[in-house]
Structures are given as C-alpha cells and as structure tokens.
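Below is one structure, written out as structure tokens; the observations come after it.
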Amino acid sequence: MNNADKIAIGIIGGTGGIGKWFARFFEAAGYTVYVSGRTSGLSHEEMAETCTVVIIAVPIGDTVRMIEKVGPLIKKENLLMDLTSLKVEPLAAMLRASDSEVIGMHPLFGPDLSSIAGQNVVLCPGRGERWLSWVRNLLERHHACVTITSPERHDEMVSIVQALNHLNTMTLGLALRKSGIPESDLASFSTPIFRTKQAIMDRIFRGTPRLYAEIIAFNPNRDHILNLYSEALAELKTLIENNDTEGVEKLIKP
C-alpha cells in the first residue's frame, strides 16, 4: 500500500484552492497525480478508470452532485474521498453512490500554507480499513495532526471553530461597512488587534465569500449556531443599553 508506483491519485477540483494544494502534496510524496477542473483534465470516466484514489475537491454546494456522478464509476477495491469542510452529507452521498472504500477528509488549513506539518486534519471513515491506514500513515509521515472521528462529531465541532467564527467575522465586517467610515480613515486609529481582525475580514470579503457562506449555511448545526449567536448578542445588548458594565463583566468572566 505504501508503494507509490502502484497508486495513481485523481483530484476533481484539483486546479485551484485546497485541491491544487493536495495535488502538489501528493506529487511531492512521489505519487502520480491527475487533476481536473471545470474545463480541463480527465473526464470522470477516465479519472475513475485511471486512478486508484479519487478525491472530490469541489465547492461544498457542488460536492454531492459531483459524488453522484463519479461515485458509481469507482472500482470497489479503490478509494473515494472528499476534502470538503462538512462531512455528514458528503460521506452519506459517497456511501450511497459507490461500493468502493470511502473516507471523508477535512484539512483544517488553507492553500496558502507551505507545509502540512503541525496542521490539523480530520478523517471520517466511511467504508473499509485498507485505505484508511494508507491515508493516515501518509499524513502522519508528513507530521500532520490527524484526528479520526464520526462525521456527526466533525460537523458539530466545525460549527464552532468555523461556522460561528466566520459568522462573527462577517457580522463585524458588515457592521463596519454600514458605519460608512472608509478603511483609510480607520488606519490612523487602528490597534494591533484591530489590524489582525481586518486581515481576517479581508480574507473573507475579498477572497472567496461563497466558501465561507457555505460552511455556515450547509452545516447541519446551523440553526443552533445562529441561535447561540443571536442570544449572546441580545444578552450583551441589554446589559450595555442599561450601562450595566458589572453585568457584562460577570457575563464574560468564566
């Protein structure tokens, strides 16, 4: 299983973003890699015939449709895997669409990083154990921090570390926009913490907003997170409107 000469990896959505990052990662590890995008690369049939590992790395909203197209083509002894930020729905779709081994993988980092060393990667086993050990060993050899869990637990945890986090960033950015104050005017008054937050807002607002919107909107725990956020904001708002700074302190302190 560790013989790279016998494993060809195909990445659908491998021409950009995290798919492109993993194409470089697998190539550097010695594997033959094929990629396809919207207008280039192997067809789905060619990918399934040529590759022993097929990875879906398209936007979250397109993932299930792509799995339904590609899944039935994957050979039973091979591996179908996805790289999306949510796991419950994609994993269920892969299990429905294919008889192959199935793994859901979520790299918890972006394509701007140069190395996987020290970065968190979550694996959600779906079917089979042979390929799971290959994926885990490969990641750990490159010093990734691998967690194996259920898709339900994964989506619950990323509803906090990603969905709630991105929701807060979007809210701050939209409030700043509504203030009408130009960014250039804020520069002379900004603090180091504010500049850090501005950099995070720029990443979302000027990068790929659809990605971050889908991470929130398609998480099965979305309504719970929205309610938590609304309740926390309403509680703070009431205390602040009453000048109850002691109440805010008591609320915030552990």
Side-chain angles (χ1 to χ4, degrees), residues 17-18 59-61 63 83-91 104 106-113 118-122 124 145-254:
I18 200 66
I60 295 171
T63 295
L83 296 182
T84 53
S85 299
L86 297 172
K87 294 275 78 82
V88 169
E89 192 175 11
L91 199 71
H106 183 192
L108 287 151
F109 59 91
D112 53 325
L113 294 186
Q119 300 303 317
N120 290 330
V121 180
V122 176
C124 296
C145 301
V146 178
T147 296
I148 296 180
T149 190
S150 69
E152 292 79 13
R153 178 62 170 168
H154 168 275
D155 285 4
E156 177 188 14
M157 297 304 289
V158 299
S159 73
I160 301 295
V161 300
Q162 287 194 315
L164 181 60
N165 183 26
H166 298 327
L167 176 65
N168 185 59
T169 301
M170 289 178 181
T171 303
L172 176 58
L174 290 172
L176 285 172
R177 182 182 292 173
K178 288 178 179 293
S179 75
I181 300 174
E183 270 190 47
S184 56
D185 290 357
L186 291 171
S188 299
F189 297 87
S190 64
T191 63
I193 291 177
F194 183 77
R195 289 193 289 274
T196 298
K197 290 187 176 182
Q198 273 188 311
I200 296 171
M201 286 185 285
D202 284 348
R203 185 187 183 96
I204 290 180
F205 281 68
R206 296 176 182 174
T208 52
R210 177 187 169 189
L211 167 64
Y212 298 101
E214 289 181 341
I215 286 173
I216 300 170
F218 296 148
N219 191 296
N221 302 286
R222 174 198 65 193
D223 292 345
H224 176 60
I225 291 303
L226 289 172
N227 288 335
L228 284 180
Y229 190 87
S230 298
E231 289 169 8
L233 183 60
E235 197 168 5
L236 278 171
K237 183 174 182 289
T238 298
L239 292 171
I240 291 169
E241 285 176 339
N242 291 316
N243 295 322
D244 188 357
T245 55
E246 183 178 349
V248 172
E249 182 181 26
K250 288 180 179 178
L251 181 67
I252 290 175
K253 277 190 172 181

Report task. Evaluate the side-chain proximity of Ile215 to Val158: yes if any heavy-atom separation is below 4.5 Å, no if none is. Result -> no
Any Thr169 side-chain heavy atom under 4.5 Å of Asn165 side chain
yes
Ile216 and Ala163 have their tightest heavy-atom pair at CG1-O, 3.6 Å
What one should report as the nearest heavy-atom pair of Gly61 and Arg210 is CA-NH2, 4.3 Å
Answer whether the closest heavy-atom distance between the side chains of Thr147 and Arg153 falls below 4.5 Å.
no
_Quick check against the 3.5 Å criterion: does Asn242 have a side-chain atom that pairs as donor or acceptor with the backbone of Thr238?_
yes
Sub-4.5 Å side-chain heavy-atom contact between Val88 and Glu152: yes
In terms of heavy-atom contacts, Leu91 and Cys124 come closest through CD1-O, 3.6 Å
In short, Met170 meets Phe205 closest at the heavy-atom pair O-CZ, 3.6 Å
Main-chain N/O of Leu86 paired to Thr84 side chain as donor or acceptor, under 3.5 Å | yes
Q) Is Leu239 close to Leu251 at the side-chain level, that is, under 4.5 Å between some pair of heavy atoms? A) yes
request  = Tell me, with the steps shown, if Ser159 and His224 meet side-chain contact (heavy atoms from CB on, under 4.5 Å).
outcome  = CA-CA 9 Å; Ser159 73; His224 176 60; 5.9 Å; no
- Message: Take a 6.0 Å sphere around CD of Glu89 and say whether it holds more than 12 heavy atoms from other residues, nucleotides or ligands.
- Response: no
Is there side-chain contact between Met157 and His106, with heavy atoms separated by less than 4.5 Å? no
